[in-house]
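What follows is a short report on a single structure.
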There are 2 protein chains.
Amino acid sequence: MKNSGSVEAVEGRLCECLSKTGLRPTPQRQRVYTALLETPAHPTAEEVFMRVKQDMPDISLATVYNCLDTFVQCGLVRQVVHERGATRYCANTEEHHHFYCDECHRTYDIPAASSTRRLAFEVPAGFVVRRFEIVFQGLCPKCLANRSESAEYP
Amino acid sequence: MKNSGSVEAVEGRLCECLSKTGLRPTPQRQRVYTALLETPAHPTAEEVFMRVKQDMPDISLATVYNCLDTFVQCGLVRQVVHERGATRYCANTEEHHHFYCDECHRTYDIPAASSTRRLAFEVPAGFVVRRFEIVFQGLCPKCLANRSESAEYP
DNA sequence: CTATATGCAAATAGTTTGCCTGTTA
DNA sequence: TAACAGGCAAACTATTTGCATATAG
C-alpha cells in the first residue's frame with residue numbers, strides 16, 4: 001500500500017486532513033495512522049491497538065476506535081466490512097476494489113480499472129450513485145498454489 | 001423479490017434444497033424461510049424473529065439464527081454485510097448486486113447486467129474469481145425526492 | 001480557560017455455544 | 001433409537017458510552 005510517501009509526507013497528509021475539520025493531530029492519532037499504514041493488509045481495530053501499544057503502552061482500545069472513526073470521517077481511511085466479525089480498516093485512498101479470499105480470509109486491494117466507472121450507470125433510473133465497490137471472492141494466488149499441490153481445483 | 005412462486009413452489013424449493021444435504025424441512029425452517037420472503041428488504045435475524053414469533057410464539061432467536069445459517073449453507077439465502085451492525089439476509093437467488101442508501105440505510109437489489117460478467121477478468125493474474133458483488137452507494141429514489149423538496153443536492 | 005481528546009470501566013448489541021429435551025427417519 | 005433440531009440461558013466478541021482527567025489552541 002505505502003500510499004506514496006515518507007514519514008513526513010504521511011504526517012503532512014494526516015495533519016492536513018484533520019485540520020480541515022478543526023481536529024488535532026495528537027500523538028495517538030499520528031501513531032494509529034502510521035500503524036495502519038505499516039500493517040500489511042486491512043487490520044482490525046484490535047490489531048492496530050496491539051501494534052500501537054508496543055510503543056505507546058498507555059493507549060486504550062477505545063482511543064484506537066476513536067482515531068479510526070475520525071479518519072473515516074475525514075475520508076483518510078475506509079472501513080472494510082465484508083463478513084461477520086471485526087470491521088477492518090484500509091488506508092489506501094486510491095480508487096480501488098477488494099478481493100476476499102475464501103480460504104485464507106485475507107482481503108486484497110484491486111486497483112480500479114478505468115473502464116469500471118461506467119458501472120455507475122447500470123443502476124435503475126432514480127438512484128444516484130455516489131461511489132461503488134466491487135467485492136471479488138475466490139482464491140488468492142497463495143491459496144491457489146497450496147491447492148494445486150494437493151490436486152483439488154476451484 | 002417474490003422469487004417466483006406460490007406458497008407451494010416456495011416450500012418445494014426449500015424442501016429440495018434441504019434434502020440435498022439430508023436436512024429436515026421443520027416447521028420452524030419453513031416459517032423462517034417464508035418470513036424472509038415476505039419481509040420487504042433484507043431483514044436482520046432479529047426482524048425475522050419478530051415476524052415469525054407472531055404465529056410461532058415459542059420459537060427462539062437462536063433457532064432463527066440456526067435456520068438462516070442453514071439456508072446460507074445450502075445456497076438459498078445470502079448474507080448481506082455492508083456496514084457495522086446486524087447481518088442482513090437476502091433470499092433473492094438471482095444473480096444481483098446491491099445498492100445501499102447513505103440516507104435511509106436501506107439495501108436494494110440491483111439485477112446484474114450481463115455485461116458485468118467480464119469484470120471477473122479485471123483482476124490481477126493469479127487470482128481466481130468465483131463470484132463478485134458490486135456494492136453501490138448513494139441516494140435511493142425516495143431519499144432523493146425528499147431532498148429536492150428541501151433544496152440540497154447529492 | 002474552554003473545546004477537544006484521552007483512558008478506563010461498564011454497558012450494549014449481535015451472535016454463538018452448551019446442554020438438555022423433543023422429534024422424526 | 002440414532003441423528004437431527006429446537007429452546008433456553010449463559011458466554012463471548014466487537015463496539016460504544018459515560019465520565020473524570022489531561023492537553024493544547
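Below, chains carry the letters A, B, ... as their sequence lines are ordered, and counting in each starts from 1.
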Output one letter per nucleotide in nucleotides 10-21 of chain D: B when a protein non-hydrogen atom lies under 4.0 Å from the base, S when only the sugar-phosphate is that close, - when neither is. ----SBBB----
Note, A:E83 side chain near A:Q137 side chain (heavy atom, < 4.5 Å): no
In whole Å, I'd like the distance from the CZ atom of B:R31 to the C1' atom of D:dG6. 17 Å
The residue, B:P27 or A:L23, whose nearest nucleotide of DNA chain C is more 5′ is A:L23
Could you work out, with side-chain hydrogen bond (donor to acceptor under 3.5 Å, both in side chains) as the rule, every residue matching B:Q79, not counting sequence neighbours? none
Show which residues join A:V135 in its hydrophobic cluster (side-chain heavy-atom contacts under 4.5 Å, direct or indirect), or state none. B:V135
Under 4.0 angstrom between A:Q28 side-chain N/O and D:dT23 OP1 or OP2: no
Let me test you: for the helix from C:dC1-D:dG25 to C:dA25-D:dT1, what is the angle between the axes at its two ends (five pairs each), rounded to 10 degrees? 30°
Determine, for B:D109 against B:R78, whether the closest basic-nitrogen to carboxylate-oxygen distance falls under 4.0 angstrom. no
Whole Å only: how far is the CZ atom of A:R24 from the P atom of D:dG25? 6 Å
First-last contacting nucleotides on DNA chain C - partner chain A, under 4.0 angstrom, heavy atom: C:dA3 to C:dT16
For A:T63, all residues meeting side-chain hydrogen bond (donor to acceptor under 3.5 Å, both in side chains), sequence neighbours excluded: A:S60
Between CG of B:D58 and C1' of D:dA5 the distance, given in whole Å, is 15 Å
Would you mind listing every salt bridge (charged side-chain N to carboxylate O under 4.0 Å, His left out) that reaches into residues 14-30 of chain B, with sequence neighbours excluded? none
Residue pairs passing the ring-ring contact (aromatic ring centres under 6.0 Å, His included) test with at least one member in residues 44-73 of chain B, sequence neighbours excluded, are B:Y33-B:F71
Suppose clustering is done on Ile, Leu, Val, Met, Phe, Trp and Tyr with side-chain heavy atoms closer than 4.5 Å. Which residues sit in the same group as B:V81? A:V81
In whole angstrom, what separates A:I59's CD1 from D:dA22's P? 17 Å
Write out all pairs satisfying salt bridge (charged side-chain N to carboxylate O under 4.0 Å, His left out) with one or both partners inside residues 54-68 of chain B, taking only residues at least two apart or from two chains. B:R31-B:D55
Apply ring pair (Phe, Tyr, Trp, His ring centres under 6.0 Å) to A:H98 and list each qualifying residue two or more places apart in sequence or on a separate chain. A:H42, A:H82, A:H96
Hydrophobic cluster partners of B:F132 (side-chain heavy atoms under 4.5 Å): A:F99, A:Y108, A:I110, A:L119, A:V123, A:F127, A:V129, A:F132, A:I134, A:F136, B:F99, B:Y108, B:I110, B:L119, B:V123, B:F127, B:V129, B:I134, B:F136
